[in-house]
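Per chain, numbering begins at 1; letters A, B, ... match sequence-line order.
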Amino acid sequence: MRVLVCVKRVPAPGARIVLTDDQQAVDARHLPFTVSPHEECAVEEAVRIKEKHGGSVVVLTLGPAEAEEQLRYAVSVGADEAVLLETDGSDWDPQATAAAIAQRTAELEEIGGGFDLILFGNESADSAGYQVGIRVAHALGRPVVSGIKGLDIEDGIVVARRETGAGFEVYRLPLPAVIAVKEGINLPRYPTLPSRLKAKKVEVATTQPEPVTGGLQMLRLVTPPEVASVTTILGQGPEAAPAVVDLLEKLGLV
Amino acid sequence: MVFLEHESGVPLETSQQALTLAGMLDEVCAVTVGGCQVGGVARHLEIDHPLLSDYAPEAIGEALTQLIRSESPTAMLAAGTERGNEILSHVAALLDLPLAANVTEVRPEGESWELTRMRWGGSLLEEAALSAPVKLATVAPHSFAAAPMADSIEAEPFTPELSESLRRTRVVDRVTISEGITLTTAPVVVSGGRGVGSPDGFQILEELAGLLGGAVGCSRVVTNNGWRPHSDQVGQTGTRVAPNLYIACGISGAIQHWVGMMASKNVLAINNDPEAPMVTKADYAVIGDLHPVLEAVVAEVKRRKGLS
Ligand SMILES: Cc1cc2nc3c(=O)[nH]c(=O)nc-3n(C[C@H](O)[C@H](O)[C@H](O)COP(=O)(O)OP(=O)(O)OC[C@H]3O[C@@H](n4cnc5c(N)ncnc54)[C@H](O)[C@@H]3O)c2cc1C
Ligand SMILES: Nc1ncnc2c1ncn2[C@@H]1O[C@H](COP(=O)(O)O)[C@@H](O)[C@H]1O
């Protein structure tokens, strides 16, 4: 199994999101960077598939040069190769992102052989368009399902499970296929010291795609109005219990 | 055009909310797969095809694409649900058109739209320009009131041409797990974060939830530590809840957690840090170590219920 995983570098804000003065981005000067939990799980799933069925895992991102950090992290938890589509850090819309990823994927397949499976996160952490994976699948002419929380590989088939309110539904896709996964499909491992050293040395295959404008253009970001709230302190420690239960009674819960 | 999801012939509330937005923009044609009661619209097209007897996102996307080609609507909307986002993404890919997911507002500006859409699960908004011959957008749940349903009108059938190969992405099996009270339906959610300290630390949360007829939730730190299954996780990449009361025990209130429970009617934080964002944003708070607090609360509930 040759598996490709696509991840996106995003800042990880804490209790609130602060914007840059021009409202074009999240002010990330004091923030760590990460990828969506869905994508972390996609990487872990790819590595588990490799461990079970053999093969290799390629991780790809479209983003600024700094996105190497996220690629190296993926290598430190088991990916074999890292591919960067380097941009100037500006916001690429989903159509443009998907077109660049699909084109680069086709090139990678020509060089290194076809991917049996391409994994995406269900939605990116920041822009959450829910669509890049589906667009790439169509561009490559492959079947795709999203929202997947369970995967098994059988002869030439991927069995995928998706949660519904009442249980789950099952899909059987012929390989090669594209799957967008959700957090909870597995519990990702942490890197080890030797694996981190190995990741430091891995060569990142970098290309610079032509920037194109898609049909959805971000104008500005705005933080939603915060609902001003006054917190009623019910007490300190266990002595607060009667006040808590008074509240439960008032809300009709006891 | 609005693609409606329905259950046993009744449109989902989120789909009705999408109808509301559509009605503000233009004359509305509702589209459903299979029979559904729809009123208050100019037309209702009912897609009928044997391949669509169970959920098949790729095939539905193809059917809608054929409809768009034959009817040339100005826009196609759907609810910003898992299925709505998935199906319109297929349409967008097939027609190579832009798609704006989870819009909360649309302001037509001549041929294009200026719109507001959700990022970061709703903790950030984006204002964007959408220019396309057919505008594709999903409508963020609960951004618009559901239109009251008028008497339903007669549906016109539409039979798409679907290749057998589209069976490859159709649901082949369903497994039902019957749970009692679930996170999304519970009137009270007792939720724990890192402050709970261990898997065993959740026993007291379980006990309180049991006494109140509620469910147990948790933060991502908890699921990442393997203390609870991911199905208990509340937040941007977990479940969204809106109970009467959300009790956040040892949860700091990171924005990705907050978006998952901000629709709760009341929030009670139990935290030993009075400066924690969860405490400052909550309606009620108890400052202190959560375990003795919860033990005292459980004892008091039992006492008042006459259980001890
Ligand atoms: C893209 C993305 C998506 C994410 N999605 C989610 C999501 O869906 N859900 C989610 O929860 N998180 C999510 N996160 C993670 C989120 O940013 C936080 O890391 C996480 O919510 C923190 O969990 P916590 O509050 O349990 O832990 P901490 O932030 O460590 O907070 C622990 C709190 O417990 C208090 N405490 C400690 N001991 C005690 C005690 N004995 N008694 C009382 N109080 C105590 C502390 O004062 C502190 O306030 C996401 C992050 C990213 C980047
Ligand atoms: N810039 C990017 N680089 C690599 N993968 C991406 C990028 N943007 C989105 N993706 C992938 O596509 C998924 C869906 O993204 P979106 O359509 O933005 O919600 C993400 O979870 C990623 O797996």
- Note on the structure: Filtered by a 4.5 Å non-hydrogen cutoff, the part of residues 215-224 of chain A contacting chain B is A/G215, A/L216, A/Q217, A/M218, A/L219, A/R220, A/L221, A/V222, A/T223, A/P224

- Among B/R170, B/E127, B/R174, who wins on heavy-atom pairs under 4.5 Å with chain A? B/E127

- The interface call for A/Q236 against chain B, heavy-atom contacts under 4.5 Å, is both

- Task: Tell me, yes or no, whether the heavy-atom count around A/Q103 atom CD, taken from other residues, nucleotides or ligands under 6.0 Å, exceeds 12.
- Result: no

- CD of A/E154: more than 12 outside heavy atoms within 6.0 angstrom? yes

- Message: Determine whether B/I287 and B/V279 satisfy the following criterion, side-chain contact (heavy atoms from CB on, under 4.5 Å), listing intermediate values before the conclusion.
- Response: CA-CA 8 Å; B/I287 310 303; B/V279 172; 3.9 Å; yes

- Less than 4.5 Å apart, any side-chain heavy atom of B/Y55 and any of A/V145? no

- Task: Find out whether A/V245 and B/R304 are in side-chain contact, i.e. whether some heavy atom of one side chain is under 4.5 Å from a heavy atom of the other.
- Result: yes

- Query: Taking NZ, NE, NH1 and NH2 as the nitrogens, is one of them in A/R161 or A/E169 under 4.0 Å from a carboxylate oxygen of the other?
  - Reply: no

- Query: So, A/E183 and A/K149, do they make that salt bridge, N to O below 4.0 Å?
  - Reply: no

- Item | Contact origin within A/E239 toward chain B - heavy atom pairs under 4.5 Å | neither

- Message: Looking at B/R107 and B/E114, is any side-chain nitrogen of the basic one under 4.0 Å from a carboxylate oxygen of the acidic one?
- Response: yes

- Note on the structure: When the 4.5 angstrom heavy-atom criterion is applied to A/E123 and chain B, the contacting part is side chain

- Is chain A contacted by the side chain of B/R168, its backbone, both, or neither, given a heavy-atom distance below 4.5 Å? both

- Message: Any non-hydrogen side-chain atom of A/T34 less than 4.5 Å from a side-chain atom of A/V10?
- Response: yes

- Could you have a look at A/A177, A/G121, A/G147, A/P242 and say which one has the most heavy-atom pairs with chain B under 4.5 angstrom? A/P242

- Query: Between B/V293, B/L290, B/D283, which has the largest tally of heavy atom pairs under 4.5 Å with chain A?
  - Reply: B/D283

- Query: So, A/N186 and A/E45: side-chain donor and acceptor under 3.5 Å apart, yes or no?
  - Reply: yes

- From the list B/V298, B/L245, B/V188, the residue making the most non-hydrogen contacts under 4.5 Å with chain A is B/L245

- Message: Is there a side-chain contact between B/L99 and B/S89 in this structure, where contact means two heavy atoms from C-beta onward sitting under 4.5 Å apart?
- Response: yes

- Message: Side chains of B/R220 and B/Q256, heavy atoms from C-beta outward: is any pair under 4.5 Å?
- Response: no

- Sort A/D246 into side chain, backbone, both or neither according to what part of it lies under 4.5 angstrom from a heavy atom of chain B. both

- When only pairs under 4.5 Å are counted, which of A/A12, A/P188, A/A15 shares the most heavy-atom pairs with chain B? A/A15

- Query: Between B/W120 and chain A, which part of the residue has a heavy atom less than 4.5 Å away: side chain, backbone, both or neither?
  - Reply: both

- Message: Tell me whether the rings of B/Y246 and B/H257 are parallel (<30°), tilted (30 to 60°) or perpendicular (>60°).
- Response: tilted

- Message: For the interface with chain B, which of A/A240, A/A137, A/A128, A/G235 has the highest count of heavy-atom pairs at distances below 4.5 Å?
- Response: A/G235

- Select one option (side chain, backbone, both, neither) describing which atoms of A/L251 are under 4.5 Å from chain B's heavy atoms. both

- Top contributor to chain B contacts, counting heavy-atom pairs under 4.5 Å, from A/P37, A/G167, A/G237: A/P37

- Message: For A/E39 and A/K8: C-alpha separation, side-chain torsions, deciding distance, then whether salt bridge (charged side-chain N to carboxylate O under 4.0 Å, His left out) applies.
- Response: CA-CA 8 Å; A/E39 294 155 25; A/K8 181 180 189 186; over 6 Å; no

- Tell me, side chain or backbone of A/L19 under 4.5 Å from chain B's heavy atoms, or both, or neither? side chain

- Identify which of A/L187, A/D93, A/V244 forms the greatest number of heavy-atom pairs closer than 4.5 Å to chain B. A/L187

- Against chain A, work out which of B/I177, B/L294, B/V175 has the most heavy-atom pairs shorter than 4.5 Å and name it. B/V175

- Message: With a 4.5 angstrom heavy-atom cut-off, is it the side chain or the backbone of B/M118 that approaches chain A, or both, or neither?
- Response: backbone

- Query: In terms of heavy-atom contacts, does CZ of A/R29 have more than 12 from other residues, nucleotides or ligands at under 6.0 Å?
  - Reply: no

- Give a yes or no on whether a salt bridge exists between B/K302 and B/E300, defined as a side-chain N under 4.0 angstrom from a carboxylate O. no

- Message: Is A/V230 in contact with chain B via its backbone, its side chain, both, or neither, using a 4.5 Å heavy-atom distance?
- Response: backbone

- Would you mind reporting whether A/V158 and A/L151 have side-chain heavy atoms less than 4.5 Å apart? yes

- Query: Does B/V234 reach the side chain of B/C218, with side-chain heavy atoms less than 4.5 Å apart?
  - Reply: no

- For the candidates B/Q233, B/H230, B/E86, which exhibits the highest count of non-hydrogen atom pairs separated by less than 4.5 Å from chain A? B/H230

- Query: Which atoms of B/P277 come close to chain A, meaning under 4.5 Å heavy atom to heavy atom: side chain ones, backbone ones, both, or neither?
  - Reply: side chain

- Contact class of B/A132 relative to chain A, heavy atoms under 4.5 angstrom: neither

- Going by atom types only, do A/T20 and A/D27 share a side-chain donor-acceptor pair under 3.5 Å? no

- Bottom line for B/L124: the part with an atom under 4.5 Å from chain A's heavy atoms is both

- Query: Where does A/R142 contact chain B at under 4.5 Å (heavy atoms): side chain, backbone, both or neither?
  - Reply: backbone

- Per-residue contact mode, B/L88 against chain A (heavy atom under 4.5 angstrom): neither

- Contacting region of A/I134 [heavy-atom separation from chain B under 4.5 Å]: both

- Query: Which heavy atom in A/P11 sits nearest to a heavy atom in A/L31, and how many Å separate them?
  - Reply: CB-CD1, 4.0 Å

- Message: Heavy-atom cut-off 4.5 Å, strictly under: side chain, backbone, both or neither for A/R162 against chain B?
- Response: side chain

- Message: On a heavy-atom basis, which atom in A/P191 and which in A/S76 lie closest, and how many Å separate them?
- Response: CB-OG, 3.3 Å

- Item | Portion of B/N272 that has a non-hydrogen atom of chain A nearer than 4.5 angstrom | neither

- Checking A/E40 against chain B: side chain, backbone, both or neither under 4.5 Å from a heavy atom? side chain

- Query: Do the non-hydrogen side-chain atoms of A/Y171 and B/V172 ever get within less than 4.5 Å of each other?
  - Reply: no

- Task: Could you tell me which portion of B/K305 (side chain, backbone, both or neither) has an atom closer than 4.5 angstrom to a non-hydrogen atom of chain A?
- Result: side chain

- Message: If you compare all heavy atoms of B/S123 against all heavy atoms of B/V259, which two are closest, and at what distance to 0.1 Å?
- Response: CB-CG1, 3.4 Å

- Is it the backbone or the side chain of B/R167 that comes under 4.5 Å from a heavy atom of chain A, or both, or neither? neither

- Contact winner vs chain A - B/G288, B/A93, B/P292, B/A285, heavy-atom pairs under 4.5 Å: B/A285

- Message: Does any backbone or side-chain atom of B/N102 lie under 4.5 Å from a heavy atom of chain A? Answer side chain, backbone, both or neither.
- Response: side chain

- Message: Can you tell me which of A/V144, A/I185, A/V132 forms the most heavy-atom pairs within a distance under 4.5 Å of chain B?
- Response: A/V144

